Amino acid sequence: NALWNAYQDLTRNKFFQGCHHLMNLRELPGSPWFVFHGFDSYLHFCNDFVAQQKSAIERGIPSLHIVSFRKSASSFIALVLAQGLDIPACITSFLHTMIVPSWLRCFLRGGAVTHEHTFPFRANRALLRSHSVPTIIHVRNPKQVIVSHAHFYKKYLEETVKENFTPGQKWFLDASLKDRIDFLIDDLIPYYGRWIIGWYKAWEQKALHIKFTSYEEFVRNESLFFEK
């Protein structure tokens, strides 16, 4: 009932009520498409996840908690790890904001990998600390992230949204690359600054078990990146 209520509230834009129901769920895997692909699809995802996770646990594969900058090849990295180790991928935070305890507990059983951009809110750091969760923080030069965003979001609007653009989306489509970059600098740089400072302070204070990796390391030598 809590799962169904969460889904119903979130699809009706009742964000706070939906999150309240999510927080009270039992141990279920977190899916980035929990709201967008339908309730039945999420149930199928749960069944597949549990079966694959059980097999991975039996093989002694631990869980890999990866939190990354956007546009840092994190999707590809998670996919390589999931396919190479034959483990399922999931998330532990809803819309990259607050960690959902039931999703985290399910992940911590072992045999899974995350792909998410969780913000280092105090509550999130406290929850990870209470469970002693080793975390990989994957970063990229913010200047390159902004340029990548400028190209990616325009392509997303052209190929996925296609029509019925909002005024803001229409402006972004018609704007020059320079104007798109200037807009994203104002919009995203403050967010990314707080994001990296929050995780860095947690590492500096030894409040969490954190290892930093970077996109630049990844593109320099993929094989060495995964070996490390």
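Throughout, residue positions are numbered sequentially from 1 according to the sequence presented. No experiment lies behind these values; they were computed from the predicted model shown.
Under 3.5 Å, the side chains of Q52 and D86 contain a donor-acceptor pair of N or O atoms. Between the side chains of T213 and H138, at least one donor-acceptor pair of N or O atoms lies under 3.5 Å. Defined by atom type and a distance below 3.5 Å, a donor-acceptor pair is missing between the side-chain atoms of H209 and T135. Side chains of T114 and H65: no donor on one and acceptor on the other come within 3.5 Å.
The residues K54 and E58 are annotated as salt-bridged, a charged nitrogen and a carboxylate oxygen being separated by less than 4.0 angstrom. With salt bridges taken as basic N to acidic carboxylate O contacts below 4.0 Å, one links E158 and K154.
Atom OG1 of T97 and atom CD of E116 lie 10.5 Å apart (nearest 0.5 Å). Distance check, rounded to the nearest 0.5 Å: SG of C90 to CZ of F107 gives 6.0 Å. Taking CD of Q83 as the start and CG of L85 as the end, the distance is 10.5 Å to the nearest 0.5 Å. Note that the CG atom of D179 and the CG atom of L177 stand 9.0 Å from one another [nearest 0.5 Å]. With rounding to the nearest 0.5 angstrom, the CZ atom of F121 is 10.0 Å from the OG atom of S93.
Between the side chain of Q53 and the main chain of I87, no donor-acceptor pair closer than 3.5 Å is present. Although no hydrogens or angles enter the test, the distance criterion places a donor-acceptor pair under 3.5 Å between the side chain of S72 and the main chain of F69. In this structure a side-chain-to-backbone donor-acceptor pair under 3.5 Å is missing from Q169 to L157.
Ring orientation note: the planes of F172 and F183 are nearly perpendicular, at an angle over 60° on the 30°/60° scale. Note: F45 and F49 have tilted aromatic rings, judged against thresholds of 30 and 60 degrees for the angle between ring planes. Between Y215 and F218, the ring planes are tilted. Angles from 30° to 60° get that label.
Put simply, the side chain of I181 reaches to within 4.5 Å of the side chain of V147, judged on heavy atoms. For the pair F119 and H96, the minimum side-chain heavy-atom distance is 4.5 Å or more. Contact check for R140 versus S148: side-chain heavy atoms found under the 4.5 Å cut-off. Taking 4.5 Å as the limit, every side-chain heavy atom of T166 sits out of range of all side-chain heavy atoms of W171. With contacts defined as side-chain heavy-atom distances shorter than 4.5 Å, the pair H115/I91 does not qualify. Counting heavy atoms from C-beta on, the side chains of I137 and K211 never come closer than 4.5 Å. The shortest distance between side-chain heavy atoms of P101 and L127 falls below 4.5 Å.
V219 and L79 are members of different hydrophobic clusters when ILVMFWY side chains are connected at heavy-atom separations under 4.5 Å. Under the 4.5 Å side-chain heavy-atom criterion for Ile, Leu, Val, Met, Phe, Trp and Tyr, L108 and I66 are members of distinct hydrophobic clusters. Hydrophobic clustering (side-chain heavy atoms under 4.5 Å, transitive across Ile, Leu, Val, Met, Phe, Trp, Tyr) keeps L81 apart from V139. Hydrophobic clustering (ILVMFWY, side-chain heavy atoms < 4.5 Å, transitive): F212 and I136 are in distinct clusters. In the hydrophobic clustering of this structure, Y200 groups with V133; members are Ile, Leu, Val, Met, Phe, Trp, Tyr whose side-chain heavy atoms approach within less than 4.5 Å, directly or through other members.
Y156 OH: 12 or fewer foreign heavy atoms inside a 6.0 Å radius.
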Step by step, work out the side chain to side chain contact (heavy atoms under 4.5 Å, CB included) result for S68 and H117.
-> CA-CA 5 Å; S68 64; H117 314 294; 3.3 Å; yes

Could you go through the side chain to side chain contact (heavy atoms under 4.5 Å, CB included) check for I99 and L128 one step at a time?
-> CA-CA 9 Å; I99 292 176; L128 293 174; 3.8 Å; yes

Would H149 and R180 count as a side chain to side chain contact (heavy atoms under 4.5 Å, CB included) if you check the C-alpha gap in whole Å, the side-chain angles of each, and the deciding distance to 0.1 Å?
-> CA-CA 9 Å; H149 260 300; R180 296 200 307 272; over 6 Å; no

Decide yes or no on side chain to side chain contact (heavy atoms under 4.5 Å, CB included) for F226 and I77, but give the supporting numbers first.
-> CA-CA 9 Å; F226 286 110; I77 290 168; 4.0 Å; yes

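Minimum interatomic distance between G111 and I57 (heavy atoms only, all atoms of both residues): N-CG1, 4.3 Å. When all heavy atoms of N141 and E216 are compared, the pair lying nearest together is N-OE2, 3.2 Å. Heavy-atom minimum distance, A202 versus I210: CB-CD1, 4.0 Å. Contact record, T118 with W195: O-NE1, 3.1 Å, taken as the closest heavy-atom pair. Shortest non-hydrogen contact noted between F165 and K170 is CB-N, 4.0 Å.
If you run side-chain contact (heavy atoms from CB on, under 4.5 Å) between V113 and each of I61, L64, V80, only L64 comes through.
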